[in-house]
Peer 1: 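This is the structure I have questions about; it appears just below.
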Amino acid sequence: MSDETPRDEWLTSASRDPEEMRRADELELFLVAALTQVSAADSTRLSDTDATLLTSPHDARASDERLATMLVEVGKEIVPDADFVADLQAQIERRIRERGREGADGTDGTDGTGETGETGTDDVSTGGNGDRTGSQRGRATRLRANWRRYRPLWAALAALLLLTVLVALPPVQATLRRTLCLGSVCIVWGGSPHSTAGSQVSPTSTPLTSLLDLAGRTTLVQARAQAGFPVRLPLYPANLGPPDYVFSQNLDGAAVVLVWVDHAHPDRVRLSLSALSSGIYVYKFVTQPVEVTTVHGQQAFWTTGPYMVELQDGTYDTRRFVTGHALVWTEGTITYRLETTVSLDEAVRIAESLR
Amino acid sequence: MTDARGSQPDSQNAAMHAGGDSVEAMSDEELVRRARECPNDPAAFAELYRRHLPRVYRYLLTRLGDQQVAQDATAQTFLAALEGIASYRGSGTFRAWLLMIARNKAADVFRTRRATVLLETVADLPSSAPSPEQEVVMRLQLEEVLRALRSLSPERAEAVALRLFGEMSIAEISAAMEKPEAAVKMLVYRALRDLRQRLGYTIEAEP
């Protein structure tokens, strides 16, 4: 725990701030309502609408209440693992039956009414320690199982922590985040609720240096031999030619990144095309609204920069700051991501020209 | 995973309910009485377990910040409650009594735990087959909350965890922490304020 927070010595002094006390009372009133509402709905989460209704937009306490709502909502999402629930339940049942047998043998030390002879107030300090051996034995198994099950997501956790570092996201907007996944790409949107899809962001071509940090630089021929899937090139624009740089990475699946340099500005990227086989997880952290479009009639996402891209498989990751736009679509088991500064229509045309 | 939060009994649950005809309709106090009067009948305690497990686990996870440690402490809490239910005299609610056992188990952990906790292990997820995007968002939010809670002073963290995640009333927390109700309200208020500042600081400090 941090020592930075001042101790609450005031609690035993007479120097209480009436205004602070009033706000504390108001917050408690709000919490009563918020917790009651959630309890009534049990597993139902507070919707954003509910949260808005519970939040007064007219005074300074709104942000505290918004945060409290978010905390309550997050708290309701915390549930124990089902395997753990079942194990503990079985353990309790076993303990009760063992106790019953001990009771039948007259070895439980009680007087038959369940009384233990303890007196006074409710005792919360004593009791069994549980089946520690079994618990510890199961713990290692659960850790391994959980690691396997959530390996990509645990890896994502590190990336998501980075999100708080790299994306200016007020905490009171935390409940407004949305995530869209398409193929191997998940887009975490942390934008303002007041943003609109029509917002225009002037794209800037991505610095080449940010791409040259990628591992696995190779040739197109080698990438095609290693990828395990056809590495296709766009036929549009006609003057595009072969990529200037090719990267091939083999993580949980294969990833091929093709880079075309803007020859008018050799330090900038004109186009980059990533092809990701299933198993690769790319997280894009964007602040602008995600536009839904189509490529070959299939759903595709269009995001506008700047944003962060995280490529990872659980043991390896690389991050890039992208200043252009990106089109994400899937074809079969391959997820494509096209980074560019051109318009959405142009990007779709490029995407549909892959051969 | 299946949802461990709901009341849907599985086969084991059904076995534990076999001895009870209407335990679900009973109040906590009635269940406690039955558990004490019929110590060989698992139905009553099973219902108490079902009702209070999410709350106890939620409190322990937010206090301890580690899924496995929270699970162990939760198991110890319920087994301790089972062993000690005869000592529960009904001077407060069963929920508050149970959470005080959990609080003691958490204190045991704090006394013995190592200084650092792997952040990667803190997140636990609802088990109702969430979509990948739901998992991403929930992990992000939960991790943020747990990390911020760890930055609070112990008393503020305790107060806000008991209030928001243990869902104890101010009066119950007041009794547990042996502080006036007004002081508990202020602890919760200041904890919220600190959390907002902590999260805000993290963001504002970034380029």
Side-chain angles (χ1 to χ4, degrees), chain A residues 1-2 5 8 11 23-25 27-28 35 43 63-64 67-68 71-72 74-75 77-80 82 84-86 88-90 92-93 95-96 99-100 114-116 118 121-130 135 139 143 153-154 156-157 160 164-165 168-169 171 174 177 179-181 186, chain B residues 1-2 4-6 12 16 36 39-40 42 49 54 57-58 61 68 71-72 75-76 79-80 82-84 86-89 91 97 100-101 104 120 124 126-127 132-133 135-142 145 151-155 164-165 167 183 185-186 189 192 194 196 199-200 202-203 206:
Chain A
M1 295 293 176
S2 169
T5 304
D8 295 296
L11 293 172
R23 293 177 66 182
D25 286 338
L27 177 64
E28 172 55 21
L35 288 167
S43 61
S63 57
D64 277 339
L67 176 60
L71 292 173
V72 170
V74 168
E77 299 292 351
I78 300 173
V79 292
F84 162 72
V85 174
L88 179 54
Q89 189 168 292
I92 290 171
E93 182 183 12
R95 183 67 61 91
I96 291 174
R99 200 170 57 176
E115 299 291 336
T116 61
E118 297 176 46
T121 58
D122 298 332
D123 180 8
V124 297
S125 62
T126 61
N129 288 326
S135 174
R139 176 177 169 176
L143 274 171
L153 286 168
W154 284 7
L157 188 59
L160 292 170
T164 61
V165 174
L169 179 65
R177 272 173 296 206
T179 305
L180 299 169
C181 291
C186 285
Chain B
M1 289 194 295
T2 57
R5 170 174 42 198
Q12 289 176 318
M16 295 182 78
R36 294 175 61 176
N40 301 339
Y49 169 76
Y57 177 74
R58 192 180 304 140
L61 180 64
Q68 297 303 327
Q71 286 185 356
D72 285 349
Q76 289 175 40
L79 290 168
L82 175 64
E83 297 301 323
S87 70
Y88 170 62
R89 305 285 173 178
S91 59
W97 180 72
M100 285 309 94
I101 297 176
N104 288 340
E120 290 78 3
D124 196 9
S127 50
E133 46 268 63
E135 288 189 348
V136 169
V137 170
M138 284 185 283
R139 283 183 180 280
L140 174 60
Q141 291 183 333
L142 179 57
V145 168
S151 72
L152 299 180
S153 73
E155 281 196 334
L164 291 182
F165 304 113
E167 296 178 36
K185 284 183 193 174
M186 187 62 80
Y189 168 74
L192 261 292
D194 289 351
R196 182 158 54 83
L199 294 167
T202 299
I203 290 160
E206 305 311 329

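A note on names: the letters A, B, ... follow the listed sequences, proteins ahead of strands, and every chain is numbered from 1. Just so it is clear, the model here is predicted, and its values are computed rather than measured.
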Peer 1: Keeping B/Tyr49 on the side-chain end and A/Val85 on the backbone end, is there a donor-acceptor pair under 3.5 Å?
Peer 2: yes
Peer 1: Any idea which heavy atoms bring A/Pro80 and B/Pro54 closest together, and the distance?
Peer 2: CD-CA, 4.4 Å
Peer 1: For the residue pair B/Tyr189 and A/Ala24, what are the closest heavy atoms and their distance?
Peer 2: CB-CB, 3.7 Å
Peer 1: How many angstroms lie between atom CZ of A/Arg23 and atom CE of B/Met186, to the nearest 0.5 angstrom?
Peer 2: 10.0 Å
Peer 1: With heavy-atom distances below 4.5 Å as the criterion, would you say the side chains of A/Asp25 and B/Lys185 are in contact?
Peer 2: yes
Peer 1: Drop me the distance from B/Leu61's CG to A/Ile78's CD1, to the nearest 0.5 angstrom.
Peer 2: 5.0 Å
Peer 1: Going from CG on B/Leu79 to CD1 on A/Ile92, what distance comes out if it is rounded to the nearest 0.5 angstrom?
Peer 2: 5.5 Å
